Structures are given as C-alpha cells and as structure tokens.
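Note that the structure is predicted; figures quoted are calculated from it, not measured. So you know, we letter chains A, B, ... as the sequences are listed, proteins then strands, and number each from 1.
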Amino acid sequence: MLDQASPRWRGALSVSAPFIVVAALWEIVARSGTFPRRLFPPLEDVAETLARLTAAGILPHHAFETIARLLGGFGIAALAGVALGILMGRSRRAEDLLMPLVSTGAPIPGLAYAPLFLLWFGLGNVGAVILVAFVAAFPIVLNSWTGVKAVKEIWIRAAQSMGAGDRRLFRHVILPGALPYILTGLRLGLAQAWRILVAVEMLAAVPWGLGWLIFGAREFLNTDAMLAGIAVIGAIGLALEKLVFQPLERYTVVRWGMMTS
Amino acid sequence: MHHIEIRNVTLVYDTPNGRVPGVRGVSFATAPSEFLCIVGPSGCGKTTLLNIIAGFLAPAEGEIRIGGKAVTGYGLDRGIVFQDFAQLFPWRTALGNVAFGLEMKGVPKAEREAIALEQLRLVKLEKFAGAYPHHLSGGMQQRVAIARALAYNPAVLLMDEPFAALDALTRDEMQRLLAEVWRATRKTVVYVTHNVAEAVYLADRVIVMTPHPGTIKAEVPIRLPRPRDPLSVEFLDYQKQLLRHLTQKEEAR
C-alpha cells in the first residue's frame, strides 16, 4: 500500500515544492520589515483579502466578467481562426492572399492595437472583446494552416481511393489529421487572449474585470487586492488547462498516438 | 476475357532537367483472379504504373480498362495497399479503419462493422479490432491495411511493396497470409515489388520492368503448385531466371 501511495505523494510534493519555497521566501521578506506592509503584504493579508472579497461577491463578479469577455473573444477567434487557417491550408489562392497579412500581423504585440480598437469600437465590452478576438486569432490561424499542410498525402490518397468526396475528406481526414496542430493553436490563442484581455481591462474603463480590479487597486495602495486578483487569474488559467485542454487532448490526439501527453 | 487491360501506356515526368519518361509503351493484361507481380529495380516506373492503374496519375498516352471500363480516376472497384505503415488513419481503431470504405459507401453502422470484423478475421486480427494503429506492430498495421482495402469488396487489389519495410521473418509470414487471403477472396491482384523471391512465391505471372525509361523486359508465368516451397529447385530456378532478366540489361549498357 505504501508503495502505491508514495509515488503519488512524491508527485504532489514535487509539484507544490517550488510554490512552498517561493511562499516561504515571500514571507521572510514581508516580515523582515524591509518594505512597508502596504506595499509588500504577507501572504496571510492576501489570503484574508481574497476571502473577504470572495465572500462579499466582489471578486467573483470581477472574475465572471473577465471570463465572459475571455470566452467571447476567444470563442470568436477560435471559430474564425480555425476556419481561416484551414481555408488557407486548402486553397492556394487564399494562402497567397492572406499569408503575407497574417505573418506580418502575428508578431505585432496585441497591445499596440488597443488604442485604435478602443477608438473605433468605443470603451467597454465591445472594443475589448473584438481586440481579444483579433489578437488571439493569429496563432490559431497559423497553427491550423500548418496542421492542414501536415496532413499526410497518403491519408488523402487512401481516403479518396475508398470513395471519400471533398466534404467527407474534410470531415474524416483533414480535420482529425490537423487536430494536433489546431489544439496547439487554440492553446496559444487562449494564452494570447488572456494577456491582452487583462491589459485592455486596465485601459478600456470597464466597470468590472480582474484587470480593472488590479489596476484600480493601485489608487489606494491595495497591494493585497492586486495579489488576490493575480492569484485568481492564475487559478482560472490553470483550471482551463487542466479541465479543458488536457482532457480534450487525452481523449483525442494522445489516445491516437499523434501527440505524447 | 481480360480483367485489367493496360494498352500502350506512357507517362512523362516534368523535372527541372527536362522531361523524363517514367514509363513508356507499357502494355499487359490480366485474367480475372490472376495474381500478377511487377518486378523491377527502383526507378523502373513500377510504382508509377500502379498509381496510373489506381487513377492517381493520368497517363500521357494509352489507356487502362478494368472489366472493359476505361479508368479515368480513382474508384471503389480498386482497393489499394501502400508500402508506408502510416497509411492507416491514426484517429480510427483497426475496425474503424477497415470500415472506412463502407462508411463512405453509406453502409449502415452495424452492417459495416460486421463486415469489417469479418475482414479483420481474414487477416487474423479480430482480437485487435478496438486497437488504435499506434498500438499495432508494422506487420499488423499492414494486415489492417489489406483488410481495409478488401472490405468494400473491390474487384482488384493493387499493392505497392506492402511488406518491403518489414523484417524478413514477418515478411515471410505476411506472404503466406496474403496467399491465403488471395485464395479465399479470388481478387485480381497487381503486386509491385523489387523482391524476386516474393514475386515467385506469390504470382501466377511476373512482369519484369527495366528503368530509363520504364519498359517491360519480360513476362514469366510461374507454373508451380501452391503452397509453394521457396527452397525447392524449381522455385530457385524461377528466381534465377528473373534475376537474369533484371541484370542482363545492365550488362548490355
């Protein structure tokens, strides 16, 4: 029994060990009195603020608004990006037309577009969601395109020889064949969406949102609230990774041996 | 009556160094249920020829008829097995792979799965119906590929060096299995290989091709009872005869 339990314990320990070390160092610095407590609060203050803001419903409201914008923007980016990337992979004309635009636009930091989008679409949700969708779409387009290009010719030939027409070739061969890359693109796109969203919430004058919570807290030196907001952002990112992407991969590309877990 | 008829087929490749003939003036025919092997060194155009019969390449000249009908593209009257193990769809189980052609044909799920299982039994893999290709060995993957090409019941089976990437022991086993499958299904088979012993073991008739350009050098009917003994004197004589055809050309050059 001990043999069965010990690897799991060791696994949990090795995952949490770096956090424990960083937390311990943080506590030492915070309690040494080097910095004012307001600027460098001990973790118990952060935990207390986290609990207080959660109980008051403030933090959940901020988190809810952020997640709604994230899913809205990322959802648009995922649908449009996968469609566009596959189109570019399949059609030479679309590739020639769009590839220069996409490869030029992709390395531009998303935040550079922010003022422009906020002028065009106004402060608030619309501008923020459109900006998130636009910025997150780039890695999704590029990876979907790569995925279609990586579909093996022999799969296409085999499927055609067995009577698959264009539509079924797409659904039964191109889509699953490109899936490892598409999933990678979605994961990168989500990371992009997160970055730009938190930043734009600080600029877009939205009344709720984790980015706004963090930005607004600076006025009253509420570093504990800032840290609480950062912790929630980390937790949401981790939850999406563990509860959405990893199960999706385990069920598809990992099970098919097209990607190692 | 001929089943497959190849008449004066020529195909030219455009390369940066000019136009290179892939195959030139190739003609032959097969009887129904005949096992025909095409033997030749790499570059002799044997795979090109198979791809023309499969309908993936269109010849510059000549025509191909199957059962009297002119071939203009790929079709369900031909099943194809490639050399590359990667031909199976990794996202489908062995059963799902074998059922693919029937699914495209619109055969209902229960029926196509029953047929697919029957085909897997033919290649002795019914126990692995639920396995994904990456869990199967190379030899098993090629057996699934054979079952997949047979499942929608094409009249012709086209095979492009399906066992060339296998180790020698597995290859022998595969050849025995294929001979059994062929006896059971009586398909017309066109089988491309560079392995002379394999051709003598499997074929009713062997066509020898030579390169630059790919032309037919000789046709050798194999008149040996089945199952064939690769160590018998007659078997080795046929091997020698084929090798002589393959090497003569190079001496003459």
Side-chain angles (χ1 to χ4, degrees), chain A residues 78 82 85-86 89-90 92 143-187 244-261, chain B residues 47 50-51 53-57 71 73-94 96-107 112 116 130-136 141 144-154 156-160 162:
Chain A
V82 170
I86 288 176
R90 294 290 287 161
R92 192 57 206 264
N143 280 277
S144 304
W145 169 78
T146 311
V148 172
K149 293 283 173 182
V151 170
K152 292 196 170 100
E153 188 60 34
I154 198 167
W155 295 336
I156 294 175
R157 282 202 168 184
Q160 284 176 333
S161 76
M162 289 187 280
D166 277 350
R167 274 177 68 172
R168 282 192 291 192
L169 191 68
F170 175 77
R171 186 171 147 218
H172 292 287
V173 180
I174 310 258
L175 215 51
L179 196 61
Y181 290 86
I182 293 176
L183 287 177
T184 302
L186 291 176
R187 182 178 264 158
V244 179
F245 279 102
Q246 282 184 11
L248 201 61
E249 278 180 356
R250 259 203 309 278
Y251 184 70
T252 56
V253 291
V254 171
R255 189 160 64 123
W256 305 335
M258 295 172 80
M259 196 189 262
T260 48
S261 48
Chain B
T47 293
L50 200 77
N51 280 330
I53 303 173
F56 293 130
L57 295 173
V71 167
Y74 34 82
L76 284 169
D77 54 343
R78 284 149 288 162
I80 300 159
V81 181
F82 303 94
Q83 177 183 341
D84 193 346
F85 300 161
Q87 66 192 291
L88 296 182
F89 305 128
W91 51 88
R92 283 178 171 244
T93 59
N97 266 282
V98 177
F100 188 91
L102 296 163
E103 194 178 328
M104 296 302 111
K105 256 183 161 176
V107 177
R112 68 178 185 247
Y132 284 93
H134 72 114
H135 285 135
L136 302 175
Q141 290 183 36
V144 174
I146 293 169
R148 183 173 77 170
L150 289 170
Y152 50 95
N153 200 24
V156 175
L157 194 57
L158 304 173
M159 307 182 84
D160 185 7

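- Looking at A/Val173, the atoms closer than 4.5 Å to chain B (heavy atoms on both sides) sit in the backbone and in the side chain alike.
- Scored by the side chain to side chain donor-acceptor pair (under 3.5 Å) test, B/Asp77 finds no partners at all (sequence neighbours excluded).
- Of the two parts of B/Leu102, neither the backbone nor the side chain holds a non-hydrogen atom closer than 4.5 Å to a non-hydrogen atom of chain A.
- Identified by a heavy-atom distance below 4.5 Å to chain B, the contributing residues of residues 146-155 of chain A are A/Lys152, A/Ile154, A/Trp155, in residue-number order.
- When the shell of 6.0 Å around CZ of A/Arg255 is examined, it contains more than 12 heavy atoms from other residues, nucleotides or ligands.
- Residue contact with chain A, scored on non-hydrogen atoms closer than 4.5 Å, involves the backbone and the side chain of B/Ala86 alike.
- Proximity to chain B among residues 157-168 of chain A is limited to A/Arg157, A/Ala158, A/Ala159, A/Gln160, A/Ser161, A/Met162, A/Gly163, A/Ala164, A/Arg168, judged by heavy-atom separations below 4.5 angstrom.
- Around OH of A/Tyr181, the count of heavy atoms belonging to other residues, nucleotides or ligands within 6.0 Å does not exceed 12.
- For residues 78-93 of chain B, the side chain to side chain donor-acceptor pair (under 3.5 Å) pairs, not counting sequence neighbours, are A/His172-B/Arg92, B/Gln87-B/Gln142, B/Arg92-B/Glu103.
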